[in-house]
Structure formats: C-alpha cells, structure tokens
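A short write-up of the structure that comes next.
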2 protein chains.
Amino acid sequence: MSPRRSVADTLETRQRILDRSLAIASAEGLEGLTIGRLATELGMSKAGLLGHFGTKEALQLAVVDQAAEVFLREVPRKVKQMPSGLPRLIDVCEAWVSYLEREVLPGGCFFTAATAEFDGRSGRVRDALAGMNALWRRDLRIHIRRAVSDGDLKPDTDVEQLIYEILGVMLALNHFLQLEHDSAAPRRARQALKRLLTK
Amino acid sequence: MSPRRSVADTLETRQRILDRSLAIASAEGLEGLTIGRLATELGMSKAGLLGHFGTKEALQLAVVDQAAEVFLREVPRKVKQMPSGLPRLIDVCEAWVSYLEREVLPGGCFFTAATAEFDGRSGRVRDALAGMNALWRRDLRIHIRRAVSDGDLKPDTDVEQLIYEILGVMLALNHFLQLEHDSAAPRRARQALKRLLTK
DNA sequence: CCTACCGATCGGTAGG
DNA sequence: CCTACCGATCGGTAGG
C-alpha cells in the first residue's frame with residue numbers, strides 16, 4: 001500500500017498553493033483567485049486543494065499572511081538592523097521603493113491592490129488587511145519618533161502627517177509603475193522621500 | 001396596443017442603469033458589477049438590461065465614462081473658472097479633496113479602485129482608465145506650467161514630480177478614508193497640498 | 001423590454 | 001489527496 005504523505009510533504013504542498021495564490025492574487029485580486037483556476041494551475045483537484053484551508057475565505061486569509069511574510073522579508077528584515085531612527089527609516093523606505101521597483105510580485109504591491117479591493121466590504125479579510133496596514137504604520141511611527149528624539153527630524157514634526165505622506169509616495173509609486181509602466185516613478189519616489197526625510 | 005417607449009424613456013432607463021452601475025462599481029469593483037445583480041436591483045431582466053449595452057465590457061466602458069462625467073462635474077467644473085494658474089490649481093485640489101471627503105460615490109474614488117483592479121490586465125477597460133488618468137494629469141500639468149510662468153511657483157519646479165506628489169496625496173486620502181475611516185485624513189491632505197503648492 | 005434557455009464556472013460537500 | 005456531484009450564478013442568446 002502507498003504510504004501516507006509525510007507532514008513535510010503536506011506543508012510543502014501548502015506552501016506551493018500559497019506561493020501560486022499570492023502571485024495570482026497580487027496580479028488579479030483576491031476575488032480573481034478562484035479555487036478551480038488555482039487547482040488547474042497546480043495540477044490538483046479542487047477538493048484536494050480546499051482540504052488544506054477549508055474555505056475560500058480561509059485561503060484568502062492565509063494569502064494575506066503570506067503576503068505579509070514576503071513584504072517583511074523583502075523590506076524591514078532586509079535592511080541593516082541598526083537601531084531605530086532616521087538612518088533606519090531611510091533604509092526601510094529605500095528597501096520599500098526597491099521592492100516595488102523590482103516587481104517582486106506580479107501586479108505590484110499585494111496590499112495596495114487587496115486594500116483597494118476590500119476596503120468597501122466587511123469581514124475577516126478586510127479586517128486582516130486593515131490590521132496589517134496598522135502594524136506597518138506602527139513600525140514607521142516608532143522610527144519617526146526615534147528620529148525626532150535623536151534630533152534627526154525637526155522637533156515639531158507631525159508624526160502622523162509624515163506617515164500619511166510617506167504612504168502617499170508609495171501609493172503613487174505603485175500607481176505609476178502598474179498603470180503607466182513609468183520607469184521614472186522610482187526616481188520621483190526617492191526624490192519625494194528625500195525631501196520628507198530631511199530635517 | 002401599448003405604444004413603443006419613447007427615445008427619452010430609453011435614455012432615462014439607460015441613465016438609471018448607469019447611475020446604479022457606478023454606485024455598485026465604485027463600492028465593489030467593476031467585476032463585482034454583475035448583470036444579474038444589477039438587473040435584480042433595478043427590477044428588470046438581464047436581457048432587457050444588456051440590450052442597452054450589448055456586452056458586459058461595453059457596460060463597463062460606459063460606467064468609466066459616467067464616472068468621468070461625475071468627477072468632471074464635481075471637481076474641475078465646480079471651481080470658479082478663473083484663468084489657469086496657481087489659484088485655479090489650488091481650487092481644483094481643494095474641490096478634489098472635498099469630493100473624496102464628502103464620499104460622493106460609495107466606496108470613494110471610482111478611478112482609484114478601478115485602476116487598482118484593472119492595472120494588471122489588458123483590454124479596452126484598462127486602456128480607457130489609463131486614458132482618463134492621462135487626461136487628468138494633462139489638466140494638472142497645464143495649471144502647474146502656468147503657475148510657474150506666472151511666477152507663483154518656483155522657476156525650477158519639476159512639473160512631473162509635482163503631479164506625482166499631488167496624486168500621492170490623493171491616493172493616500174482615499175486610502176485613509178476608505179480603509180481607516182480616518183476623519184483626520186482630509187486635514188492631512190490639505191496640509192500636504194499647502195506645502196506642495198507654496199512657492 | 002420580456003421569458004426561457006445555453007454552457008461554463010463558482011464555492012463547496014460526500015464518500016472514499 | 002481523488003472522483004463525482006450539488007445548487008447557485010455567471011455572461012450571453014433565441015425568439016418574440
């Protein structure tokens with residue numbers, strides 16, 4: 001008789017599903033990710049695939065986690081782990097621009113696309129996306145506050161305003177890259193950031 | 001025998017379809033707009049509805065036009081038609097912020113949502129969205145150039161950079177309003193614009 | 001503008 | 001992990 005799949009095999013299959021799901025979802029949206037299509041592309045049955053997650057919503061939530069994992073690997077964990085503060089913030093923003101510029105995921109930033117897709121809905125997927133956004137802003141907030149107390153940003157810096165403007169630069173970068181394929185956009189992003197992050 | 005519907009009635013029905021379509025599409029996306037759902041909400045048959053447009057893609061293109069019509073009515077045509085230049089640019093940006101702040105459409109800016117949804121695809125809907133974006137940037141470009149030649153913006157102003165940054169402010173505004181329901185976002189947008197549009 | 005219908009695909013389940 | 005199936009819905013058409 002054929003042996004059961006090992007736990008390692010099961011996890012590997014699950015990871016294969018997630019990797020492909022993230023690629024599809026970042027290019028065509030979390031709803032464009034359908035069970036049937038995903039199963040066909042992976043060469044497995046819908047039932048076999050769904051067995052790993054249970055429902056489509058559970059799959060979507062797992063994809064959100066996977067997207068966060070990729071972003072964290074490519075941006076904050078990629079920069080030198082120097083103490084929080086302005087140099088770290090500058091490095092993080094540069095890694096962020098580079099992440100979008102290199103098109104690590106087809107279709108650009110998964111979170112930008114998924115947030116725009118789900119922000120008008122309710123439910124666990126929307127809440128998960130909002131939570132990830134909040135966590136990331138928290139990171140930025142910590143760096144900015146440190147930069148201010150270090151004297152590297154003006155003492156009257158409006159922290160939330162700066163977070164708002166940094167996010168605007170990144171949203172515009174994603175927009176110009178994805179819709180216009182504008183190769184000048186990363187330069188524009190870097191210039192805008194330079195002005196924002198200079199005392 | 002019952003009389004044929006008049007041309008005026010037909011146009012009125014078409015407009016009813018478009019108004020409802022735009023509301024659905026801006027809240028849930030241009031793909032979330034399905035013929036069956038739209039027909040149910042409007043109390044008509046799918047066939048009767050499709051007769052006005054022919055295909056779903058043609059309906060989507062008509063919705064893009066309708067969204068442009070609403071945006072043009074609410075933003076550039078709403079401000080005093082003073083000569084192009086910095087005062088006009090400031091008025092236009094304020095009308096733009098106000099348009100998003102008042103949530104004229106459920107789900108915020110139709111173009112932001114639709115662009116994020118279609119930027120990874122190909123076809124006529126994507127092209128129409130890209131065209132509308134380009135037309136609007138052209139408007140902004142004209143105002144900025146005039147402001148520079150009027151001496152109201154610095155002579156070394158990087159026009160495309162400024163367009164990039166204004167768009168970033170608006171994308172961030174839509175993001176914070178829709179995902180976070182952050183009532184401070186319009187104030188942040190106005191502050192960012194004030195800095196961008198001061199010599 | 002309608003009824004009646006088409007094949008395809010959706011998410012999901014039963015049972016193994 | 002599979003086959004075989006479910007009801008619902010998709011965009012669209014025939015015919016009136």
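Numbered from 1 within each chain, the chains take letters A, B, ... in sequence-line order.
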**OP:** Answer yes if the side chains of B:S84 and B:R88 hold a donor-acceptor pair under 3.5 Å, and no otherwise.
**Re:**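 No.
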**OP:** Indicate whether the side chain of A:S98 and that of A:R102 have a donor and an acceptor atom separated by less than 3.5 Å.
**Re:**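 Their side chains do contain a donor-acceptor pair, which is all the 3.5 Å distance test asks for.
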Got a list of protein N/O to nucleotides 12-16 of chain C N/O distances below 3.5 Å?
{"residue": "C:dG12", "atom": "OP2", "partner": "A:K56", "partner atom": "N", "Å": "2.5"}
{"residue": "C:dG12", "atom": "O6", "partner": "A:K46", "partner atom": "NZ", "Å": "3.3"}

Please give, in whole Å, the distance from [N] [atom2] to [X] [atom1]?
| X | N | atom1 | atom2 | result |
| --- | --- | --- | --- | --- |
| A:L30 | C:dC10 | CG | P | 16 Å |
| A:I17 | D:dC1 | CD1 | P | 6 Å |
| B:R14 | C:dC1 | CZ | P | 12 Å |
| B:E12 | C:dC1 | CD | C1' | 15 Å |
| B:L38 | C:dC1 | CG | C1' | 15 Å |
| A:R37 | C:dG11 | CZ | C1' | 16 Å |
| B:F53 | D:dG11 | CZ | P | 14 Å |
| B:L42 | C:dC1 | CG | P | 10 Å |

**OP:** Take B:W136 and B:F111, measure what ring-ring contact (aromatic ring centres under 6.0 Å, His included) needs, and give me the verdict at the end.
**Re:** CA-CA 11 Å; B:W136 182 237; B:F111 282 102; 9.8 Å; no
**OP:** With rounding to the nearest 0.5 Å, note down the distance linking CG in A:L59 to CG in A:L33.
**Re:**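 Here the rounded value is 5.0 Å.
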Original post:
Do A:V148 and A:I142 belong to the same hydrophobic cluster, where Ile, Leu, Val, Met, Phe, Trp and Tyr are linked whenever their side-chain heavy atoms lie under 4.5 Å apart, directly or via other members?
Top reply: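 Cluster IDs for A:V148 and A:I142 differ.
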**OP:** Determine whether B:V169 and B:L179 fall in the same hydrophobic cluster, where Ile, Leu, Val, Met, Phe, Trp and Tyr are linked whenever their side-chain heavy atoms lie under 4.5 Å apart.
**Re:** no
**OP:** Using the criterion of both pairing distances under 3.5 Å for Watson-Crick and G-U wobble pairs, give all stems of 3 or more consecutive pairs involving DNA chain C.
**Re:**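 Stems (3+ consecutive pairs) listed as C:1-16 with D:1-16.
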Original post:
Salt-bridged, B:E160 to A:R188, with N to O below 4.0 Å?
Top reply: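 No.
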Subject >> salt_bridge(A:R137, B:E180) N-O dist < 4.0 Å >> reply: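 Looking at B:E180 together with A:R137, the answer is yes, because their closest N to O distance falls below 4.0 Å.
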Subject >> ring pair (Phe, Tyr, Trp, His ring centres under 6.0 Å) partners of A:Y164, counting only residues at least two apart >> reply: B:F176
Original post:
Quick one: which of C:dC1, C:dG11, D:dC10 gets closest to the side chain of B:T34?
Top reply: D:dC10
**OP:** Taking side-chain hydrogen bond (donor to acceptor under 3.5 Å, both in side chains) as the test, write out the residues that go with B:E165, two or more places apart.
**Re:**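 Expected list: A:R195, B:Q161.
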**OP:** Quick one: label A:G36 by what it contacts on the DNA or RNA (base, sugar-phosphate, nothing), any heavy atom closer than 4.0 Å.
**Re:**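 Here A:G36 touches the backbone only, sparing every base.
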**OP:** If a pair satisfies side-chain hydrogen bond (donor to acceptor under 3.5 Å, both in side chains) and one of its residues is in residues 110-120 of chain A, list it, with sequence neighbours excluded.
**Re:**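 Listed once each, the pairs are A:T115-A:N133.
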Subject >> Any residue of residues 113-126 of chain A with a heavy atom less than 4.0 Å from an atom of DNA chain C >> reply: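 None - not one residue of the stretch has a heavy atom sitting under 4.0 Å from the strand.
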